[in-house]
Amino acid sequence: MIGARPFTVRDIVTTHTGRGTLITCTTGEHLTLLPGTVLWAARHIDPRTTHRRAPRRSR
């Protein structure tokens with residue numbers, strides 16, 4: 001999912017420069033992944049934010 005929309009990958013190829021990957025979806029959309037591109041799995045918690053747990057009480 002990208003932007004809450006599901007995409008189905010149709011083709012994955014290496015770019016002509018060899019530095020990136022071109023992903024083509026069945027909808028005709030393209031996504032170019034370069035060495036600095038960051039992807040992560042879908043989660044309920046955004047990994048970019050810091051979530052701290054409350055300290056545990058000692059007994």
Side-chain angles (χ1 to χ4, degrees):
M1 293 181 94
I2 301 173
R5 294 183 354 187
F7 287 89
T8 303
V9 175
R10 182 179 68 196
D11 192 23
I12 300 176
V13 294
T14 302
T15 58
H16 68 281
T17 61
R19 293 191 62 231
T21 302
L22 178 66
I23 297 175
T24 305
C25 299
T26 55
T27 58
E29 310 242 355
H30 300 284
L31 174 65
T32 302
L33 302 177
L34 297 173
T37 304
V38 178
L39 298 176
W40 61 81
R43 301 176 186 206
H44 294 289
I45 299 172
D46 188 341
R48 295 174 293 180
T49 60
T50 304
H51 296 279
R52 298 175 192 247
R53 293 184 179 183
R56 297 177 90 183
R57 293 184 182 182
S58 58
R59 293 182 180 190

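Below, each value reflects all heavy atoms present in this structure, side chains not excepted, and no hydrogens, waters or symmetry copies. Quick caveat, the model's predicted, so the values are computed rather than measured.
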Original post:
If you group Ile, Leu, Val, Met, Phe, Trp and Tyr by side-chain heavy-atom gaps below 4.5 Å, do Val13 and Ile23 land in one group?
Top reply: no
Subject >> CG-OG1 distance between Leu34 and Thr17, expressed to the nearest 0.5 angstrom >> reply: 8.0 Å
**OP:** Measure the CZ-CD distance between Arg10 and Glu29 for me, rounded to the nearest 0.5 Å.
**Re:** 11.5 Å
**OP:** Could you tell me whether a side-chain N or O of Thr15 sits under 3.5 Å from a main-chain N or O of Gly20, the two making a donor and an acceptor?
**Re:** yes
